[in-house]
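Computed from a predicted structure; not experimentally measured. In listed order, ligands and their atoms are each counted from 1.
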Amino acid sequence: MGGTPIIILREGTERTKGKGAQEGNINAAMQIANMVKSSLGPRGMDKMLVDSVGDVVITNDGVTILKKMEVNHPAAKMLIEVAKVQDEECGDGTTTAVVLAGELLKRSLDMVEANVHPTIITSGYRMAAQRALEKLEKLGIDITPDDEEMLREIAHTSMISKIVSSSRTHLANLALKAVKAIAEESNGGYKIDLDDVQVVKKSGSSMEDSELIMGVIIDRGPVHPSMPKKVEKAKIALISCALEIKKTEVDAKITIRDPTQLSAFLMEEERMLREMVEKVKKSGANVIICQKGIDELAQHFLTKAGIYAIRRIKKSDMKKLAKAAGARIVNSLDELGKSDLGYAGLVELRKIADDEMTFITDCKNPLAVSILLRGGTTHVLDEIERSLEDALNVIAVAIEDGKMVSGGGSTFMELSMDLRHYASSVGGREQIAIDAFASALEIVPTVLAQNAGLDRIDILIDMRKAHMDGKKYHGVNVFKGKVVDMLKDKVVEPLRVPKQAINSATDAAVMILRIDDVIASRGAPPSSQPAPGKYDIKGEGSEFDKEWA
Ligand code: ADP
Ligand code: MG
């Protein structure tokens, strides 16, 4: 090899190896978890995020907080990924997943410092996760779409940290009815595509005025002010072509020399448009929704025929309309027949907060529905929307999987207890990691209690005792301030929420732990500290971490 050093990396490349790299990554990821910790649970606090142009977001939603932050550190980004995956898979439990991942990493830091090899830690974590997921399946409680009360409670649990309780009931009801309307039975189970629930926000009025529309809301009124404002028993034609005279492909010039020719020309145009409207009339439609434009003269004829017409509708709205009203979108008026028409009990023009909107409602068995959300200011409305989305998601997930579990940290505590037993049955050093995993799971009830201002040690001791005595649904009810049966208190959530949280938290922790070499080219942020983002939130819970170390 000789004495000359061989340089294979570009000048300025920074390289951290071994323990240094691991600790740097773990610390960065833990900071992310600490940021969202204080927002977990019904007593969690909100965060106000102000971006560079001064836009404000006030939220308690883990994934929203993390998405809004501009984090640069690669390991910190992996934790944000955990939140995103959780959000995609379940639509809820994002804070839980991130806090759990942070805790797994924190526990591993102690082991790394005590010279336990990362391979041992990761294999122990994998074994623990596997066991926890098996146990979790056994803890699952069956639920069907007919268990409406429980489904509503699941929605309640997901929304409780976000909005005042009075409207929670109302929103949970809307969400339940919406999901049940669009749930499709497929080989023994249910398939739910939440894209079929359109959420329309309008600030003003109050949350209680939010409503479910068995159909679609379109953000415009009829093309002509003299058209009817309301059509009952509407027969709806969905047309993707324009009701206009087509322009020729090439630039043509028509020279008219004589006034009679001019009138003949105009008459011909009129005749063509009249014919188009005749075709609509003949089909029996009294509402037409056109993806493209409608000529002024055609508007006039449609008005005379008493037809409610809307033009220039988004393609995605056309598809929703087709699903809601049971109509077929036709792309030429010649094709339009009776069987293509959809049905809605009522098509109506409504003025909401000064905007004209068409409500296509009372559809028969609609496969797409809409929720009109109302509420004070836009900031409030945005948070209501996030809550509603959580509610829609948890109901959908619970129906799809047909399983739920008890909340308030009870499930995590039960899993933790089981893992401790399991750890003692596993020989070798992995036992230490499994034990650490078991302790990490206790972070959920611990933080829930802490955020509620309860004594977390008392709560944890009570909870451990309850679970030791076989009370597997006992968790901390933060409103009562004590450990109780969460199933009786109806704090329930879909099984998929803790399942996904454990899965993605373990994956992220293992992935971060396996890195022992960080090679960053110039310009990349240093590995030990996250680069300052646009938002500067101090990592909370650090005091708390010290105490629990
Ligand atoms: P996430 O982003 O993880 O969904 P949330 O802030 O929505 O975080 O909090 C969810 C947690 O709050 C769940 O663990 C749930 O069981 C818990 N929770 C809900 N209601 C109660 C309650 N009354 N007492 C204690 N914990 C509760
Ligand atoms: Mg939640």
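Within ligand 1, the atoms closer than 4.0 Å to a non-hydrogen atom of Thr95 are 1 (P), 2 (O), 3 (O), 8 (O), numbered from 1 in the order shown. Ligand 1 places these atoms under 4.0 Å from at least one heavy atom of Thr157: 19 (C). Per-residue contacts place Thr96 under 4.0 angstrom from the following atoms of ligand 1 (heavy atoms of the residue considered): 1 (P), 3 (O). Of all the atoms in ligand 1, the ones that sit under 4.0 Å from a non-hydrogen atom of Gly407 are 16 (O). Using a 4.0 Å cut-off to heavy atoms of Phe479, the atoms of ligand 1 that qualify are 23 (N). Listed by atom number, the atoms of ligand 1 under 4.0 Å from Gly41 heavy atoms are 5 (P), 6 (O), 9 (O), 12 (O). Close approach of ligand 1 to Met486 (heavy-atom distance below 4.0 Å) involves ligand atoms 24 (N), 25 (C).
In this structure, Arg386 pairs ionically with Glu383, as a charged nitrogen and a carboxylate oxygen lie closer than 4.0 Å. A salt bridge is absent between Arg107 and Asp435; no separation between the charged side-chain nitrogens and carboxylate oxygens falls under 4.0 Å. The pair Lys490-Glu149 meets the salt-bridge criterion, since a charged nitrogen lies less than 4.0 angstrom from a carboxylate oxygen. Taking 4.0 Å as the cut-off between side-chain N and carboxylate O, Lys201 and Glu385 count as a salt-bridged pair. Comment: Asp469 engages Lys465 in a salt bridge, judged by a side-chain N to carboxylate O separation of less than 4.0 angstrom. Salt bridge status for Lys320 with Asp196: absent, with no side-chain N to carboxylate O gap under 4.0 Å.
For the atom pair CD1 (Ile218) and CD (Gln198), the distance works out to 8.0 Å, reported to the nearest 0.5 Å. To the nearest 0.5 angstrom, His73 atom NE2 is 10.5 Å from Lys77 atom NZ.
Taking the Mg ion (ligand 2) as reference, Asp92 places its N/O/S atom OD1 nearest.
At least one donor-acceptor pair closer than 3.5 Å links the side chain of Asp455 to the backbone N or O of Asp458.
Checked by distance only, ligand 1 and Val491 stay at 3.5 Å or farther apart across all their nitrogen or oxygen atoms. Ligand 1 has no nitrogen or oxygen under 3.5 angstrom from a nitrogen or oxygen of Ser158. Any N or O atom pair closer than 3.5 Å counts here, and Asp92 shares at least one such pair with ligand 1. Below 3.5 Å of separation, one finds an N or O of Gly408 facing an N or O of ligand 1.
For Leu448, every heavy-atom contact with ligand 1 shorter than 4.0 Å involves the side chain, none the backbone.
Counting only non-hydrogen atoms, the option in Ser39, Pro42, Cys90 that gets closest to atom 22 (C) of ligand 1 is Pro42. The closest heavy-atom contact to atom 25 (C) of ligand 1, among the options Val476, Asn477, Val447, Asp87, comes from Val476.
No option in Ile395, Val197, Leu174 other than Ile395 meets the side-chain contact (heavy atoms from CB on, under 4.5 Å) test with Val179.
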